[in-house]
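Working notes, beginning with the structure itself.
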Amino acid sequence: MDNYLEIYEHWYPRSYGLNDYPTECHVTYSNAERKLLFGKLTEAQQALINQQRKYEVRSLFLQKQYLQTSDWEFVALNIDDEYERGVHSQLKCACGRPLKYQFVIESKSKQQEIRLGIQHFKDHLGISQQVAEEIKKGVAHVDLALDELLWLTEKEISFPEDLWQRYVFAYYRNNTLRRPLPLNQKLAERVVQFREAQMPLFIGDYLSVVTEINQVDREVFDRQEKNFLADKTVFEAYLGDFQQDIQTSIYLDRRFWGRKLTDFIQLERHGGETYEEAKVRYFDDLLSFLLVLKEPDKAERKIRSFEIFHQKKYGNAELIVFLIEKYQQYQFTQNFFLAIPKVYRIGIRKAIQRKQKK
């Protein structure tokens, strides 16, 4: 049985058991209460709530396909949080009417953008009153969902740092499994955004993080693998990098968990080369390039030329940029290998072994 949880408890005895966190919320605020509580948030928290609101409304349009048969597509929802009917408004409909919610749509054929209130949105697109009411209810429902965040901040619930550290520790352990679980990168990205704004998590997201941690714990227990890297210094460097790394494209498109090299690049074969031979050649070439970076006077020119070469021959420029940055930061240490996809971790290590045997 893997003892990684015992090691975590030994490293962090005060944060092993998670602090209490609400598991349900049934509050609904009035517009006046919502405005008052929103005004108490920091600028970063306000920006996050507005970002969440726009994301949810955009998702609503995509899921319901309101504009699927028209020439128009939904671009954004702008919100005036200072709006007071008949008193103050920063947003206007194309007709000049003051708005709290402004729908921005763009013509696919003419690239023309217009900004409308819900009534003229309905008239302009020729949608039914029923659909217009459904959109209004959808937008209102988004506000009700966001009331949960206002309630949490009013109750002085902070971002759960204990859960965050335990979550990253689960990622760290998962990364060393022979077959890592494909964890939910979108969830991790959202948790990072909330941490950056020091905003408490949605209760649903908190519970989803706990579920992912438990999934890793079960996987470790069931497999009984003995390869845990019990190095607190390595983990804390991984912890420090995680918030930035998890937002890179190689994590967000879920390819990080790919099991074949061709999940990452277009691997061409030369002549009668087998797949395995082509893979060996690729990683030998990659290792030769990385070793050149030890010479600072050659590094900058070599990096640029290799990035161009890799993009033309194999694609995935973002991956190679990330890999180079990690190598320059850590060289061939544990934190370099932990940061990169397992396919690359194994491939580079085998290339090093081949080079050492020559």
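At a cut-off of 3.5 Å, with distance as the only test, no side-chain donor of Tyr4 or Glu9 sits close to an acceptor on the other residue. Remark: the Trp164 side chain and the Gln243 side chain contain no N/O donor-acceptor pair separated by less than 3.5 Å. If you check the side chains of Tyr8 and Gln165, you find a donor sitting under 3.5 Å from an acceptor.
Contact of the Pro22 side chain with the Trp151 side chain is registered, since non-hydrogen atoms from C-beta on lie closer than 4.5 Å. For the pair Gln52/Gln193, a side-chain contact is recorded, criterion being any heavy-atom separation below 4.5 Å from C-beta on.
A salt bridge does not link Lys137 with Glu134: none of the charged nitrogens is closer than 4.0 Å to a carboxylate oxygen. A salt bridge links Lys260 and Asp263; the closest N-O separation between the charged side-chain nitrogens and carboxylate oxygens is under 4.0 Å. With respect to the salt-bridge test (charged N to carboxylate O, under 4.0 angstrom), the residues Asp241 and Lys326 qualify. Between Lys108 and Glu106 there is no salt bridge, since no side-chain nitrogen of the basic residue lies less than 4.0 Å from a carboxylate oxygen of the acidic one. Using a cutoff of 4.0 Å between basic side-chain nitrogens and carboxylate oxygens, Lys186 and Asp205 are not scored as salt-bridged. Ionic pairing of Arg223 and Glu219 is present here: one or more N-O contacts between side-chain nitrogen and carboxylate oxygen are shorter than 4.0 angstrom. Salt bridge status for Arg195 with Glu161: present, with a side-chain N to carboxylate O gap under 4.0 Å.
Although no hydrogens or angles enter the test, the distance criterion places no donor-acceptor pair under 3.5 Å between the side chain of Arg269 and the main chain of Ala278. Not a single donor-acceptor pair under 3.5 Å links the side chain of Asp162 to the backbone N or O of Leu18. Without hydrogens or angle criteria, Glu277 side chain to Thr274 main chain gives a donor-acceptor distance under 3.5 Å. A donor-acceptor pair under 3.5 Å is absent between the side-chain atoms of Asp147 and the main chain of Thr28, judged by distance alone. Not a single donor-acceptor pair under 3.5 Å links the side chain of Asn174 to the backbone N or O of Pro180.
A cation-pi contact links Lys232 to Tyr12, judged by a cut-off of 6.0 Å to the six-membered ring centre and 45° from its axis.
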- Worked check of side chain to side chain contact (heavy atoms under 4.5 Å, CB included) between Leu201 and Leu149: CA-CA 7 Å; Leu201 292 174; Leu149 296 180; over 6 Å; no

- Message: For a side-chain hydrogen bond (donor to acceptor under 3.5 Å, both in side chains) check, start with the C-alpha distance between Gln331 and Tyr327, then their side-chain angles and the critical distance, and finish with the verdict.
- Response: CA-CA 5 Å; Gln331 303 296 308; Tyr327 176 74; 3.1 Å; yes

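Among Phe202, Tyr206, Phe159, the single residue meeting the ring-ring contact (aromatic ring centres under 6.0 Å, His included) criterion with Phe194 is Phe202.
Closest approach of Gly39 and Gln46 over heavy atoms only: CA-NE2, 3.8 Å. Among all heavy-atom pairs drawn from Asn175 and Phe256, the shortest one is OD1-CE2, 3.5 Å. Among all heavy-atom pairs drawn from Tyr171 and Leu183, the shortest one is OH-CB, 3.6 Å. Between Arg34 and Leu150, the closest heavy-atom pair is CG-CD1, 3.5 Å. In plain terms, the two heavy atoms of Glu307 and Ile320 that are nearest each other are CG-CG2, 4.2 Å.
Using a 4.5 Å cut-off between side-chain heavy atoms of Ile, Leu, Val, Met, Phe, Trp and Tyr, with links allowed through other members, Ile250 and Phe264 fall into the same hydrophobic cluster. Neither Leu144 nor Met199 shares a network with the other; the hydrophobic side chains, linked directly or stepwise wherever heavy atoms of I, L, V, M, F, W or Y lie under 4.5 Å apart, form separate groups for each. Tyr21 and Val27 fall within a single hydrophobic cluster, where Ile, Leu, Val, Met, Phe, Trp and Tyr side chains are chained together by heavy-atom contacts under 4.5 Å. Note on Leu291 and Phe289: same hydrophobic cluster, where clusters join Ile, Leu, Val, Met, Phe, Trp and Tyr whose side-chain heavy atoms are under 4.5 Å apart, directly or indirectly. With hydrophobic clusters built from ILVMFWY side chains whose heavy atoms lie under 4.5 angstrom apart, Leu286 shares a cluster with Phe332.
To the nearest 0.5 Å, atom NZ of residue Lys342 and atom CD1 of residue Ile340 are 12.0 Å apart. The distance from atom CD1 of Ile213 to atom CG of Leu163, rounded to the nearest 0.5 Å, is 5.0 Å.
The six-membered or imidazole ring of Phe169 lies away from that of Tyr238, with a centre-to-centre distance of 6.0 Å or more.
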